[in-house]
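Contents: one structure, followed by commentary.
None of these values were measured; they are calculated from a predicted model. Numbering of ligands and ligand atoms starts at 1, following listing order.
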Amino acid sequence: MKRILITGAAGFLGSHLCDRFIKEGYYVIAMDNLITGDLRNIEHLFKLENFEFYHHDVTKFVSVPGELDYILHFASPASPIDYLKIPIQTLKVGALGTHNLLGLAKVKKARILIASTSEIYGDPLVHPQTEEYYGNVNTIGPRGVYDEAKRFMESITMAYNRFHGLETRIVRIFNTYGPRMRLNDGRVIPAFIGQALRGEDLTVFGDGSQTRSFCYVDDEVEGIYRLLLSDYALPVNIGNPHEITIKDFAEEIVKLTGTDQKVIYKPLPQDDPMQRQPDISKATNILGWEPKVSRSEGMKKTYEYFKSLPEEELYKKDHKDFKDYNRI
Ligand code: UDP
């Protein structure tokens, strides 16, 4: 049985990856410090013999008994609101956490895939974004802690690949959505759906002309799975190229939820990228991958998930006070 370590395993993407590798017959070692992750996302796996969970912060030395074939490093806050609240932890998990996991991969002779992001392109001046584009990032802006940590993560991963001959993979993840997103993490999809369910107006930031391209989680996981098992070490964009303005997206959510609330406009956060769309030719050519789930189908499933949550979840500020973690 192949053994895989998944960090950030109790988070949105991490938990879906645990499900996928369990389904493929792997022994899954899940790790999370539970700052932004939630054990409820993986509690259904605890009864399985080929699943175990470590409550651990990967910015500290990481030790796992036994052999490892693969490591997926998915631990990180991933929403602008989160990294404003815990900026130092965001930098540490991308930098120190990645260093620890690369060291572990070297000792175990494991292949490691790291979760990079479209944020490394910053507010892009090239559209759509190809992997060859170097990006346009403000190092000292509010998003800098995430963007620069992820850029460092790519650099140190390539250094381990070239210097130590480690088998590495880099996925650049574009906006992904689906069940198990955190309702109050501030990202646009839980924000709009939460507002519709609470009977509040939908808050579009800026004039809503900024664009995003949303990928359903099952498609994202399939792309990551194929990349891990491929022999391609350079970064690959995995995302859905179907682009939409945030204003039009808000109107779609109004229709989907049947809410009678209005769309209202709030100031645009600093350094909010104006446009984002992945060029996925590499993923298509190298991995034979392309997204299959349409936005209407994916959003229906996502809405059903949020509707199924206990009502009090809708009114919780967040499941934790992040400020406590700034001292770690
Ligand atoms: N956004 C919005 N209203 C909200 C939350 C987000 O208009 O309540 C906008 C945000 O300014 C950005 C886009 O939606 O332009 C996507 O934001 P998100 O935080 O989901 O992810 P990002 O792609 O910016 O990291």
Side-chain angles (χ1 to χ4, degrees), residues 11-13 36 76-87 90 94 115-124 127-129 135-138 141-151 172-178 180-217 220 237-254 256-257 259 261-278 295 298-299 302-303 306 314 317-318:
F12 163 53
L13 271 178
T36 58
S76 177
S79 97
I81 297 280
D82 284 354
Y83 32 88
L84 278 176
K85 286 186 194 158
I86 41 173
T90 304
S116 185
T117 164
S118 54
E119 280 286 325
I120 65 107
Y121 300 122
D123 190 6
H127 194 74
Q129 292 80 57
N136 176 38
V137 170
N138 176 6
R143 290 175 180 252
V145 294
Y146 185 62
D147 301 6
E148 291 301 334
K150 293 293 189 180
R151 291 171 72 95
R172 290 189 182 149
I173 298 168
F174 283 65
N175 294 65
T176 300
Y177 70 99
R180 301 187 195 151
M181 289 186 97
R182 222 171 71 234
L183 189 57
N184 297 309
D185 75 356
R187 280 185 288 184
V188 68
I189 290 179
F192 283 172
I193 294 182
Q195 288 162 343
L197 289 173
R198 287 188 300 268
E200 297 168 5
D201 292 336
L202 272 59
T203 54
V204 166
F205 297 160
D207 63 4
S209 63
Q210 71 272 33
T211 68
R212 293 295 185 273
S213 312
F214 297 106
C215 186
Y216 189 64
V217 63
E220 190 67 43
N237 291 338
I238 299 285
N240 189 320
H242 198 168
E243 187 180 3
I244 184 170
T245 66
I246 295 301
K247 185 174 186 292
D248 289 348
F249 187 55
E251 295 300 341
E252 277 191 8
I253 304 256
V254 168
L256 169 72
T257 59
T259 175
Q261 300 300 313
K262 299 190 299 294
V263 172
I264 57 167
Y265 292 85
K266 293 263 169 106
L268 191 67
Q270 189 191 334
D271 297 334
D272 198 292
M274 273 315 291
Q275 49 181 7
R276 183 179 287 159
Q277 184 197 39
R295 197 167 56 241
M299 284 304 298
T302 308
Y303 179 47
F306 282 117
L314 288 175
K317 255 212 145 62
D318 213 325

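- Using modelled atom types, one finds no donor on one side chain facing an acceptor on the other under 3.5 Å when comparing Asn136 with Asp123.
- Side-chain atoms of Gln195 and Thr203 form a donor-acceptor pair, as typed in the model, at a separation below 3.5 Å.
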Please tabulate protein-ligand N/O pairs under 3.5 Å for ligand 1, atom names and distances to 0.1 Å.
| residue | atom | partner | partner atom | Å |
| --- | --- | --- | --- | --- |
| ligand 1 | 3 (N) | Thr203 | O | 2.6 |
| ligand 1 | 7 (O) | Phe205 | N | 2.7 |
| ligand 1 | 8 (O) | Thr203 | O | 3.3 |
| ligand 1 | 8 (O) | Thr203 | OG1 | 3.1 |
| ligand 1 | 11 (O) | Asp272 | OD2 | 2.5 |
| ligand 1 | 15 (O) | Gln210 | NE2 | 3.0 |
| ligand 1 | 15 (O) | Arg212 | NH2 | 3.4 |
| ligand 1 | 15 (O) | Asp272 | OD1 | 2.6 |
| ligand 1 | 15 (O) | Asp272 | OD2 | 3.3 |
| ligand 1 | 20 (O) | Val188 | N | 2.8 |
| ligand 1 | 23 (O) | Asn175 | ND2 | 2.9 |
| ligand 1 | 23 (O) | Arg212 | NE | 2.6 |
| ligand 1 | 23 (O) | Arg276 | NH1 | 2.7 |
| ligand 1 | 24 (O) | Arg143 | NH2 | 2.9 |
| ligand 1 | 24 (O) | Arg212 | NH2 | 3.0 |
| ligand 1 | 25 (O) | Arg143 | NH1 | 3.3 |

Salt bridge (charged side-chain N to carboxylate O under 4.0 Å, His left out) between Arg295 and Glu252, intermediate numbers included: CA-CA 10 Å; Arg295 197 167 56 241; Glu252 277 191 8; 2.7 Å; yes
Should Glu119 and Arg143 be marked as a salt bridge (charged side-chain N to carboxylate O under 4.0 Å, His left out) after you check the CA-CA gap, both sets of side-chain angles, and the distance that decides it? CA-CA 8 Å; Glu119 280 286 325; Arg143 290 175 180 252; 2.5 Å; yes
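- Within the 3.5 Å criterion, the main-chain N or O of Thr245 finds no donor-acceptor partner in the side chain of Arg212.
- When atom types are taken as modelled, the side chain of Thr211 and the backbone of Arg276 share a donor-acceptor pair closer than 3.5 angstrom.
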